There are 2 protein chains.
Amino acid sequence: MGVKIEVPVGSPFTIHNIPFGVISTQGNPKPRCATAIGDYAIDLAIYAQHGFLSDSVGSSAVELLSQPSLNAFSAFDYSVRKAVRDGLITNITNGSIPEDSLIKLDEVTMHLPFQIGGFSDFYCSLEHVQNCTPLSKEPSIPTNWYYAPSAYNGRISSIVPSPQPIRRPRGVSFGPNGKPIYGPSLGLDYELEMGFFVSKPVKHGTELDINEADQHIFGFVLLNDWSSRDLQLFEMRPLGPFNGKSFGTSISPWVVTMDALRPYRCAPNTKQDPPPFDHLKWPTEEDATFDIKLEIELIRDGKTHSLATSNLRYLYWTPFQQIAHQASAMSGLNIGDLLGTGTISGSGVDSDGKKAELGCLLEANQAGTKDLELVDGTRMQWLNDGDEVVLKAWCGDKKGEGAWFGFGECRGKILPAPQ
Amino acid sequence: MGVKIEVPVGSPFTIHNIPFGVISTQGNPKPRCATAIGDYAIDLAIYAQHGFLSDSVGSSAVELLSQPSLNAFSAFDYSVRKAVRDGLITNITNGSIPEDSLIKLDEVTMHLPFQIGGFSDFYCSLEHVQNCTPLSKEPSIPTNWYYAPSAYNGRISSIVPSPQPIRRPRGVSFGPNGKPIYGPSLGLDYELEMGFFVSKPVKHGTELDINEADQHIFGFVLLNDWSSRDLQLFEMRPLGPFNGKSFGTSISPWVVTMDALRPYRCAPNTKQDPPPFDHLKWPTEEDATFDIKLEIELIRDGKTHSLATSNLRYLYWTPFQQIAHQASAMSGLNIGDLLGTGTISGSGVDSDGKKAELGCLLEANQAGTKDLELVDGTRMQWLNDGDEVVLKAWCGDKKGEGAWFGFGECRGKILPAPQ
C-alpha cells in the first residue's frame with residue numbers, strides 16, 4: 001500500500017527539504033499539519049493514523065497533527081521533531097508512504113503554519129541601510145545600528161500565506177505640495193525578507209543565551225514585508241512604521257526546518273566592526289548564518305521580470321543575533337512567534353554595473369525619483385494594481401541538482417484600494 | 001440561597017461598574033470568567049450553572065464562561081453582553097446572587113482578561129508630546145502628529161496583569177562618554193495610560209467606519225507602559241521603540257465596559273486644529289471621549305507618594321480616532337486586540353505652579369537632568385529596584401459617592417536585573 005513518489009526536476013520539495021505546513025482541501029476543509037514532497041502534500045494526520053508516529057510522538061500523534069497549526073507539534077522536544085522528519089525521509093525513500101495520505105499540491109489550500117502571537121521585523125542588511133539612509137531624512141546611519149540589530153514590532157492580524165492577495169491601503173501622506181492628504185497609497189513596495197518561527201519558548205522575565213539561540217528556531221520561510229512608502233514616510237517620526245507596513249505581510253507557507261538548512265550553515269559575508277557585545281556573539285563563525293539564495297520576480301501584464309537576487313548570508317546581523325537581541329530585554333518568546341530578517345540587499349551588480357541585489361523598489365527607484373527599466377523596456381516606479389510579486393529561495397548550487405531544495409513561492413497580487 | 005452584597009465605601013467595584021475579568025483560586029486553579037462587586041468576585045461559570053445566563057447566552061453559557069479568557073464571551077453580540085451585565089445588576093440589587101459563586105477578592109488570582117493577538121500603543125497627548133519633543137532630538141513636533149494618531153506596535157508576550165512584578169532589563173545604551181555600553185537599564189520609567197480591548201473584529205482587507213468605532217470596543221483598563229529611557233533613547237532611530245518598551249506592560253485586570261462608561265462620555269479638552277480628515281471625524285463632540293480621572297502613586301521604602309493626576313479626556317486624539325486610524329490601513333482587528341492610549345499628561349499645575357499632570361518620569365525629571373522632590377523631601381530621578389508604581393482610575397465626582405466607580409489598581413514592583 002506504500003507509494004513511491006517521484007520528485008520532478010525543479011520541484012522545491014525534494015527529499016532534502018521535508019518542510020512542515022498546514023493544509024486543507026475541498027474534501028476536508030479542516031486545516032491540519034502536512035509535509036510536502038515533489039508534487040504532493042502528505043497529510044500527517046492520516047500518516048499518523050497508520051501508526052507511523054507512535055514511536056516518536058506517542059499515542060496523541062493523530063490529535064496533534066490534526067491541529068490547525070504547528071504550535072502543538074513544535075512544543076515537542078527537538079529530538080521528537082527530528083525523528084518525525086527522519087522517519088518521513090526513510091518512508092518516502094522506501095516507498096512506504098500510505099497512498100491515502102497523499103494529496104496533489106495543486107488541490108490543497110495553504111494556511112498560516114503557526115498561530116502567531118508575536119511578530120517583529122528587523123533592519124539588518126548593511127547594504128539596505130546604506131541605500132535607504134540617504135533617501136530618508138537621516139544624515140547618516142545611526143550609531144545604534146552597528147551595536148544591536150534594529151527592529152520594530154509588526155502587525156500580526158495581516159500576516160497571510162502566499163498566494164493570498166494584498167489590498168492597496170488608503171492613508172495619510174504628504175501631497176504634491178507637502179500638504180497632508182488622505183487617499184490610496186501611491187508608493188506600494190515589496191521587501192525581500194525571510195522569516196523564522198520560534199519553536200521553544202523563553203519565559204517573560206528571563207534571558208536567552210545566544211549559544212542556545214538556534215535551538216529556539218523551528219525553521220524559515222520567505223517573507224514579503226509589503227510597504228506603503230508614502231504612508232510610511234509620513235508616519236515614521238518618531239515611533240517608526242505603523243500603517244505603512246500593517247496592511248499585509250505575506251509568507252511562504254512551508255516552513256523549512258533547521259535540519260534541512262544544516263548543510264547550508266555558513267559564515268556571514270561581512271565581518272562585524274565594531275565586534276558585537278558578548279550577549280550577541282555567536283561562538284563559531286562558520287555556522288553563524290545560512291547560505292540561502294533569493295530572487296524577486298514581478299509579474300506585470302502577463303510578463304515575468306526578474307527584479308533582483310540576494311542571499312541571506314549578506315545580512316550584517318544574523319538571525320541568531322536577531323533573536324538573541326530581541327530576547328535580551330526579557331520580553332519572552334512564545335512558540336509560533338515570527339521574526340522577520342528585514343530586507344536583504346547585497347552589493348552585487350549586473351553586467352552593466354547596475355546594482356542587481358536591491359531588496360525593495362525604494363532602493364531601486366531612489367525613493368520614487370528614478371524609473372526602473374525592465375528587461376523588455378517597460379519603465380516602472382512602484383507597484384500597480386494587478387502586479388504580482390513572487391519571492392523565491394533555494395539552497396544548493398544549481399536548481400534541481402545535488403542536494404538542492406527550494407522554499408516554494410511567496411506570491412501576492414495587489415488588489416485596488418476600496419472605492 | 002441568594003446573598004445581599006454590601007459594597008464598602010471606596011470599593012471601585014460598585015453597582016455602577018460590573019466589570020469583567022478572569023480569575024483563578026487555590027481551590028480551582030483553572031482560570032475562568034468573573035465579575036467583581038464590592039469585596040467579592042462572582043464566578044460567572046458557577047453563576048451560569050444556576051441557569052441565570054440561559055436566556056441571554058443560551059445553553060453553552062457554562063462552557064463559555066469557563067473559558068480562560070473573555071474572547072469567546074466577547075464574540076457574542078453587544079446585546080447579549082449587555083443582557084448579562086444588566087442581569088447581574090438586577091440580581092445583585094435583588095440579593096439573588098448564589099452564594100457558591102462568590103469568592104473574596106483577596107482570595108483570587110487575576111489573569112489577563114483576553115487572549116491578546118495584537119497590541120498597539122499610541123502617542124496622543126498633546127501635553128506629553130509637547131513635553132517630550134524638546135527632550136528628544138526632534139526639533140519640533142512632527143507634522144504627522146497633528147494629522148493622524150501616532151502609534152507603534154508593542155510586544156504582546158510581556159503584557160501582565162497587575163500586580164505582577166517587572167524585572168529591570170539589561171540592554172545597550174549610550175554610556176557616560178557617549179560610547180555604547182551593555183548593562184542594566186539606568187532609566188526605568190512608568191507611563192500612565194489606559195488600554196481598551198476589541199470586542200468585534202474587522203476583517204483584514206476591509207475598513208472600519210469611525211461612526212461604528214465604539215461598537216468594536218469591549219471596555220477599558222489601566223495600562224502602565226513601562227519604559228527604559230536609556231535603552232529607548234539608544235534604539236529609537238529610525239524604527240521607534242523596541243526593547244526599551246518590550247520588557248513589560250502592566251494592565252489592571254478588570255475590564256470596565258462601555259456601558260459602565262456611558263454616563264461619562266464627554267467632549268475632549270482640546271479642539272483639534274487642523275480639523276481631522278473625514279475618516280477620523282467622530283460625529284458628535286459631546287460623547288467623543290471619556291471623563292476618566294487618573295492618578296499615579298509611587299511606593300518607595302514603605303511610603304506612598306502621589307506623583308501626578310490626569311484625565312483621559314485630555315487626550316488630543318480620542319480612543320475612537322485611534323482605533324479608526326489603526327483600522328484605516330485595513331490590517332484588521334481581532335477580538336482581544338489591545339490598544340494603549342499612550343501616556344496621558346495634562347496642563348494642570350499644583351499650588352506652587354509646578355506641573356502636576358505629567359504622565360511619566362521623563363517629563364518630570366526632564367530626561368534625567370533634574371531631580372523630583374517628593375512630599376517628604378526625598379529626591380528621585382528614575383525608578384529604583386523595589387519601587388512600586390500604582391495607577392488608579394475612577395469615574396464620578398468624588399470617591400465613594402453617587403454613581404462613582406473605579407477601575408481597581410494597576411500595580412507593579414521593580415525587580416532587580418538578573419545577575
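This one's a predicted model, so the numbers in the text were calculated from it and none came from an experiment. Numbers restart at 1 for each chain; the letters A, B, ... are given by sequence-line order, proteins then strands. Values below: all heavy atoms of this structure, side chains included; hydrogens, waters and symmetry mates excluded.
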For chain B, the option from [options] that forms the most heavy-atom pairs under 4.5 Å:
{"options": "A:Gly118, A:Gly240, A:Ser328, A:Ser173", "value": "A:Gly240"}
{"options": "A:Ser246, A:Pro169, A:Pro180", "value": "A:Pro180"}
{"options": "A:Gly332, A:Gly248, A:Gly117, A:Ala151", "value": "A:Ala151"}

Note to self: Just to verify, which of A:Phe197, A:Phe196, A:Phe114 counts as forming a ring-ring contact (aromatic ring centres under 6.0 Å, His included) with A:Phe218?
What the structure shows: A:Phe114

Item checked: Option in B:Ile181, B:Leu280, B:Asp278 with maximal non-hydrogen atom pairs under 4.5 Å from chain A -> B:Ile181

Next item on the list: Considering only heavy atoms and a distance below 4.5 Å, find which of B:Gly171, B:Pro238, B:Gly244 pairs most often with chain A.
Entry: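 Most pairs with chain A among the choices: B:Pro238.
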
Could you look at [X] and say if it's the side chain, the backbone, both or neither that has a heavy atom under 4.5 Å from chain A?
{"X": "B:His279", "value": "side chain"}
{"X": "B:Pro418", "value": "side chain"}
{"X": "B:Asp337", "value": "side chain"}
{"X": "B:Leu333", "value": "both"}
{"X": "B:Phe174", "value": "side chain"}
{"X": "B:Phe277", "value": "side chain"}

Item checked: B:Glu207/A:Arg170 under salt bridge (charged side-chain N to carboxylate O under 4.0 Å, His left out): CA gap, chis, key distance, verdict -> CA-CA 9 Å; B:Glu207 294 180 314; A:Arg170 298 197 292 185; 2.7 Å; yes

Notebook entry, point to check: Which answer fits A:Val129, side chain, backbone, both or neither, if we ask what part of it has an atom under 4.5 Å from a heavy atom of chain B?
Noted result: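 Neither part.
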
Item checked: Structural part of A:Gln326 lying under 4.5 Å from a heavy atom of chain B ->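 Contact with chain B is through both the backbone and side chain of A:Gln326.
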
Note to self: Any donor-acceptor pair under 3.5 Å linking the side-chain atoms of B:Asp121 with those of B:Tyr152?
What the structure shows: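 Yes, because at least one side-chain N or O of B:Tyr152 sits under 3.5 Å from a partner of the opposite role on B:Asp121.
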
Next item on the list: Classify the side-chain pair A:Asn334/B:Ser157 by whether it contains a donor and acceptor separated by less than 3.5 Å.
Entry: no

Check: Pick from B:Thr249, B:Thr343, B:Asn224: which one makes a side chain to side chain donor-acceptor pair (under 3.5 Å) with B:Glu191?
Finding: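 Going through the options one by one, the only one that passes is B:Thr343.
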
Notebook entry, point to check: Between B:Trp317 and B:Trp145, what is the ring plane arrangement, given parallel below 30°, perpendicular above 60°, and tilted in between?
Noted result: perpendicular

Checklist line | Which atom of A:Gly187 lies closest to which atom of A:Asp230, heavy atoms considered | finding: N-OD1, 3.4 Å

Item checked: Worked check of side-chain hydrogen bond (donor to acceptor under 3.5 Å, both in side chains) between B:Ser158 and A:Ser331 -> CA-CA 5 Å; B:Ser158 52; A:Ser331 60; 5.2 Å; no

Notebook entry, point to check: Do B:Ile210 and B:Gln321 touch side chain to side chain, with heavy atoms closer than 4.5 Å?
Noted result: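 Touching, per the 4.5 Å side-chain cut-off.
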
